[in-house]
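A, B, ... follow the sequence lines: proteins, then strands. Residue 1 opens every chain.
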Amino acid sequence: MDKLIIIDGNSIAFRAFYALPLLSNSSGLHTNAVYGFTTMLLKLIEEEKPTHFLVAFDAGKITFRHTEYSEYKGGRQKTPSELSEQFPLIKDLLKAFKIPQFELSGYEADDIIGTLTKAADARGEKVLLVSGDKDMLQLASEQVTVAITRKGISEMDRFDPEAIKEKYGLTPHQIIDLKGLMGDTSDNIPGIPGVGEKTALKMLHDFGTVEEVLANTASLKGKMKEKVEEHAKSALMSKELATIYREVPMETEWDSFRYDGFDGQALSTMFRKLEFKSLLEKLDFGAVSAEAEDLVVESLEAVAVTEANIGKLIEQLDDHAAIHVEAIGENPHQAVMVGVVWFIDDGADNTSYYVPFALLQSDAGKPLRDWLSDASKKKQLFDLHRAQLALAWQGIHLAGVDFDVLLAAYLLDPTDSNLSLSALSVKYGLPSVKADEDVFGKGAKFRLPELAALSDHVGRKAMAMARMVPVLRDELEKGEMHRLFYELELPLSAVLAEMEMRGIAVDAEGLKTLGVELGKQLDTIMSSIYKLAGVEFNINSPKQLGEVLFEKLGLPASKKTKTGYSTDAEVLERLAPYNEVVGQILHYRSLAKLQSTYVEGLLKEVRPETGKVHTYYRQTIAATGRLSSQFPNLQNIPIRLEEGRKIRKVFVPSEPGWYMLAADYSQIELRVLAHISQDEKLKEAFLQNMDIHTKTAMDVFGVEESAVDSNMRRQAKAVNFGIVYGISDYGLSQNLDITRREAAQFIEQYFAVFQGVRRYMDDIVKDARRDGYVTTLLQRRRLLPEITHSNFNIRSFAERTAMNTPIQGTAADIIKLAMVQMADRLAKEGLKSRMLLQVHDELVFEVPADELETMKELVPEVMASALKLDVPLRADVDFGLTWYDAK
DNA sequence: CGGGTCACG
DNA sequence: ACGTACGTGACCCGG
C-alpha cells in the first residue's frame with residue numbers, strides 16, 4: 001500500500017528554529033532550522049518508509065484571507081532574518097532529498113495541504129501529515145493521520161479521529177469551531193475574548209458548533225452570555241478564517257509525489273557545506289563521496305612496520321615529523337597502547353608508518369624511542385597532554401612537541417563540543433578521516449580491525465593531523481592567539497602531565513574509616529526516615545521521594561521538573577518546618593553524597609601500588625579557558641560544610657616529614673573586573689586592600705564601615721557574585737530570596753556607585769555584537785554567535801556570557817601563567833617541592849620541611865606577580881599535615 | 001543514556 | 001512578555 005507524507009514546511013521550519021540553539025557553520029551561515037528539518041526528514045524516511053512525499057510552503061505575501069480580513073496574521077513578529085535566510089537552504093535540501101515542493105501564490109501551505117489530503121482521501125490512500133500547528137487536526141480522517149510536534153521537534157503526537165475524540169471530545173471538523181470560539185493569537189484571529197480552550201470545549205460539548213452556540217446563548221450565564229452575544233460576528237468570522245480551504249486549483253496527480261530515495265551525492269555536498277558533521281558520519285557517505293570528484297582524497301601508502309622493515313623508517317627520521325599516538329580508553333593514566341604512527345611527506349608520496357606498541361618497546365624500537373624523547377626532534381601531534389601521559393606510564397618520555405592540533409582547535413573555538421580529528425578535518429575543509437567509532441566500534445563492540453585497516457586508519461589520522469598544522473597555525477596568528485598558544489597553553493600541557501603523573505597521596509585507611517562512620521550514620525537516618533514517613537522507599541530516587549512527600553504526606557509541592565516534582569535542597573528547605581522528616585532527608589542526602597562520591601568513588605581511584613590518585617586535567621573542555629578535572633575530579637572536594645571538609649584530611653604528603661601547602665588567590669575575579677573595567681571605586685577598594693564585600697555594602701547602602709552588619713555584607717557579596725556572572729534582577733532575587741523589584745534596586749544602586757563597571761557591561765555586549773566574540777586579557781577568544789539571536793532567552797544568555805567570560809577567562813589565564821612560572825622556578829631553583837593540584841584559584845603543593853619557609857614566600861609571590869594588573873593580585877598561603885590543615 | 005541532584009570555584 | 005544567574009564532573013535512577 002502507498003503511504004504519503006506531507007510536511008507543513010513553514011510550520012516545521014519555525015519549530016526547528018525555536019527549538020534548537022542558533023547553530024552556524026564556520027562561514028557564519030545559520031543552520032539550526034535546516035538541521036532540525038534534516039533530522040526530521042531522515043527520521044521520517046527511516047521510520048515511515050514513505051512511498052510518496054511532499055512539502056508544502058506558504059508562498060508568502062498576501063493570501064485570500066487578507067482580502068477578507070485585513071488584520072489576519074497582524075501583530076505577528078517579523079520572521080527573524082536568522083530564519084528567513086535558511087529557507088533557501090531548506091529548499092535546496094529538499095532538492096537533494098528529491099522531495100517535491102509545493103507553493104502557490106495567494107494560498108497558504110494549509111490550503112495546499114487541505115486540497116492534497118482531500119485528493120488522497122478520495123483515492124483511499126494513507127497519509128501522514130506533519131505540522132507544528134494544531135489547526136491541522138481538522139484534516140484528520142480514517143486515511144489521514146496528523147502528527148503534531150511536541151517539545152521541540154523530536155517528538156510527535158499522532159492524531160487520528162479517534163485520538164482527537166479522546167483528547168478533546170471533538171470530531172476533526174469541530175476543531176474549526178474550537179478555534180472560532182477561542183481564536184488564535186498567533187494568527188491574530190480574535191475568537192470570543194475571554195473564551196479559552198476550557199470554556200470553548202465545554203460549549204462545543206454542549207452544542208456542537210459555533211452556530212449552535214450562538215443560537216443557544218439563552219442557556220449561558222451572566223458575563224459569558226454577554227460576551228458571546230457581543231462577539232457573535234467575530235466568532236463566525238474566526239471560524240471562517242480557521243477553515244482550511246480544500247479546493248485549491250492545482251495538480252494533484254498522485255504519481256508526481258512519488259518518493260524513490262535521496263540523491264546521496266547532492267546530500268553529502270549539502271551536508272558538507274552546512275557542516276553537518278554528525279549527519280555526514282551517520283549516513284556514511286564516505287564510500288560514495290570518495291569516488292566523487294569534488295572531494296579531494298589524498299593517496300597514502302600506509303606501512304605497517306615490522307622488525308623486518310623498521311630500518312626504512314629509522315633511516316627517514318628527520319629533525320621534525322607529524323606523529324600520532326594511538327591509545328585506547330578515556331583515562332590516559334590507564335590507556336591501552338596501540339602504537340605510534342610517523343607521517344612522512346617527502347613531497348612526492350605520502351607515507352605513514354604504523355609501529356605497533358610491542359615493536360616500539362622491543363630492542364628494535366630503541367632508535368624510535370630515543371627519537372621520541374629527544375627534545376631537539378620537533379613533533380606535531382594531536383593531544384600532546386594525553387599522548388605524554390599514556391607514553392609516560394610505559395616509560396617513554398615524550399619531548400620536543402612544537403604543535404598540538406587539538407589544543408589549537410580548542411583555542412580557535414573553545415565551545416566546539418566535537419574536537420575529534422574526524423570532525424576537525426571536515427570543519428577545516430581538509431581530506432576527511434573516518435571517526436574512530438566507525439572503525440573501532442564502541443562500548444561492548446569495540447575491537448581493533450585487522451592490521452591493514454588499522455594501519456590505514458591511524459595513518460590517515462596522522463596525515464590529517466599533519467595537514468591541519470599549517471592551517472591552524474595561520475588561524476592562531478590571525479586571531480592573535482599564537483603567544484597564548486606557544487607561551488602558555490603548550491608549555492602548560494607538559495606541566496599538567498607532570499603534576500598528574502606525580503599524583504597525590506591518599507590515606508586510604510582513613511578514607512575507609514570515614515566510610516564506616518558514614519555508613520552507620522546513614523543506617524540510623526534511613527530507619528528514622530522510614531519511621532517518620534511510615535513507608536520504606538528508595539530515598540535516592542527523586543521520583544519515589546516526591547511521591548512520599550507530596551502524595552503520601554501531602555506536603556505542598558512548589559517547583560516542578562520535566563519529569564515530576566522537584567525535590568532539590570531549595571525545595572526541601574522550604575518544607576522543613578512542616579515535617580521533621582524533611583530535615584532528615586536533607587541530612588541523608590548530604591551524607592549519601594559524601595559516601596558515594598567522595599569515599600567510595602575516591603577509593604576506587606586510589607592505585608593500590610602507590611596509594612595515590614592521578615587526576616586528569618582537561619585543557620580543552622571549558623568554554624572560558626578554565627581547566628577541568630576527571631577520574632577523579634579533584635576540583636570539587638567538599639569544603640563548605642565541616643562534615644564534608646573532613647574528606648580533605650585524607651589528602652596527605654607522599655613523603656614522610658613533608659607538608660601540604662596551599663595558596664589561593666584572593667578575589668581574583670573582582671580584581672580582574674577592576675582592571676578590565678577601570679572602575680575607579682573598585683580599583684580604589686583593592687588598592688587600599690579593603691574587604692571587598694564590606695566596601696561594596698558601604699557604597700551601595702551609603703553607610704560607614706561600622707554600620708555594615710553581617711546581613712548587609714551578605715547581600716553585597718551576592719551582588720558582587722551577580723556582577724561577575726552577568727547580572728539579572730531575577731537571578732539576584734532568587735539568590736537573596738527577595739523580590740525582583742528589590743533586586744533591581746540593589747543593582748541600580750550598585751551601578752550608580754560603580755559606574756565604570758556599568759560601562760564595561762554595556763561596552764562588552766556591544767563589542768560582542770560587533771565582533772561576534774569576546775576575549776580575555778591574553779587574547780583567549782570565545783565566539784558568541786547567539787548574541788544577535790531574535791529569541792530573548794537565547795540572546796540574554798549570550799549577553800551574560802559576554803560579561804562573564806572575559807572575567808572568568810582572564811582569571812584562568814592568570815593562574816595558568818602562575819603554574820607555568822611556578823614549574824619553572826621549582827626546576828631552576830632546584831627545589832624538591834612539587835605542584836600537585838589546581839582548583840581554579842588555588843594551587844596545592846607538597847613540600848619538604850626544609851623548604852617550607854622558602855615556599856611560603858615563593859608561591860604567593862609568583863602567583864601575585866604572574867600578570868601585572870592595575871590593581872594588586874594577592875594570594876594567601878597556608879600549610880599543614882593534610883590538605884584540610886592547609887586552610 | 002538523559003535527567004535530577006549536588007560537590008566545587 | 002519573555003523566565004536566567006557563570007563554569008565544571010560524578011553519582012543515582014529509570015526507561
Open item on the list: Taking 4.0 Å as the cut-off, does a side-chain nitrogen or oxygen of A/R640 come that near to OP1 or OP2 on B/dA7?
Closed with: no

Open item on the list: Applying side chain to side chain donor-acceptor pair (under 3.5 Å) to A/Y616 and A/E330, what does each step give before you reach the verdict?
Closed with: CA-CA 10 Å; A/Y616 173 37; A/E330 268 214 287; over 6 Å; no

- [ ] Please state whether the rings of A/F651 and A/W883 are parallel, tilted or perpendicular, taking 30° and 60° as the class boundaries.
- [x] perpendicular

Open item on the list: I'd like to check A/E605 versus A/H614 (side-chain heavy atoms, cut-off strictly below 4.5 Å). Are they in contact?
Closed with: no

Task: Residue-phosphate contact under 4.0 Å: A/K442 side-chain N/O, B/dC1 OP1/OP2 - done: yes

- [ ] Look at all strands and tell whether A/A592 reaches a base, only sugar-phosphate, or nothing, counting heavy atoms closer than 4.0 Å.
- [x] nothing

TODO: Using a strict 4.0 Å threshold on nitrogen-to-oxygen distance, state whether A/R758 and A/E748 make a salt bridge.
DONE: yes

TODO: Looking at every strand, decide which applies to A/I639 at a 4.0 Å heavy-atom threshold: base, sugar-phosphate, or nothing.
DONE: sugar-phosphate

Task: Sidechain N-carboxylate O distance under 4.0 Å for A/K604, A/E600 - done: no

Open item on the list: Assess whether a salt bridge exists between A/R589 and A/E573, defined as any Lys/Arg side-chain N lying under 4.0 Å from an Asp/Glu carboxylate O.
Closed with: no

- [ ] Determine the contact category for A/N791: base if any of its heavy atoms lies under 4.0 Å from a base atom, sugar-phosphate if only primed atoms, P, OP1 or OP2 are that close, otherwise nothing.
- [x] nothing

Open item on the list: So that I know where these two stand, are A/H675 and A/Y760 an aromatic pair - ring centroids less than 6.0 Å apart?
Closed with: no

Open item on the list: Is there a side-chain contact between A/R648 and A/K887 in this structure, where contact means two heavy atoms from C-beta onward sitting under 4.5 Å apart?
Closed with: no

Open item on the list: How many whole angstroms separate atom NZ of A/K560 from atom C1' of C/dG3?
Closed with: 18 Å

Open item on the list: What's A/Q544 touching, base or sugar-phosphate or nothing? Going by heavy atoms closer than 4.0 Å.
Closed with: sugar-phosphate

TODO: Give the rounded distance in Å between these two atoms: CD of A/Q595 and P of C/dC12.
DONE: 10 Å

TODO: Consider the side chain of A/S566, meaning its heavy atoms from C-beta on, and name the nucleotide among B/dC8, C/dC12, B/dT5 that approaches it most closely.
DONE: B/dT5

Task: Distance, P atom - from C/dA5 to B/dG4, rounded to whole angstrom - done: 13 Å

- [ ] Give DNA chain C the dot-bracket treatment, 5' to 3': Watson-Crick (N1-N3 with N6-O4 or O6-N4) or G-U (N1-O2, O6-N3) under 3.5 Å, [ ] crossing, | other strand.
- [x] .....|||||||||.

Open item on the list: Roughly how many Å apart are C/dC2 and B/dT5, using the C1' atom of each and rounding to a whole number?
Closed with: 27 Å

Open item on the list: In whole Å, I'd like the distance from the CG atom of A/N540 to the P atom of B/dC6.
Closed with: 11 Å

Open item on the list: Are the side chains of A/F17 and A/N32 in contact, using a 4.5 Å heavy-atom criterion?
Closed with: yes

Open item on the list: Would you say A/T567 places a side-chain N or O within less than 4.0 Å of OP1 or OP2 belonging to B/dT5?
Closed with: yes

- [ ] Assign a letter to each nucleotide of nucleotides 4-11 of chain C from its 5' end: B, base within under 4.0 Å of a protein heavy atom; S, sugar-phosphate only; -, no contact.
- [x] BBBBSBBS

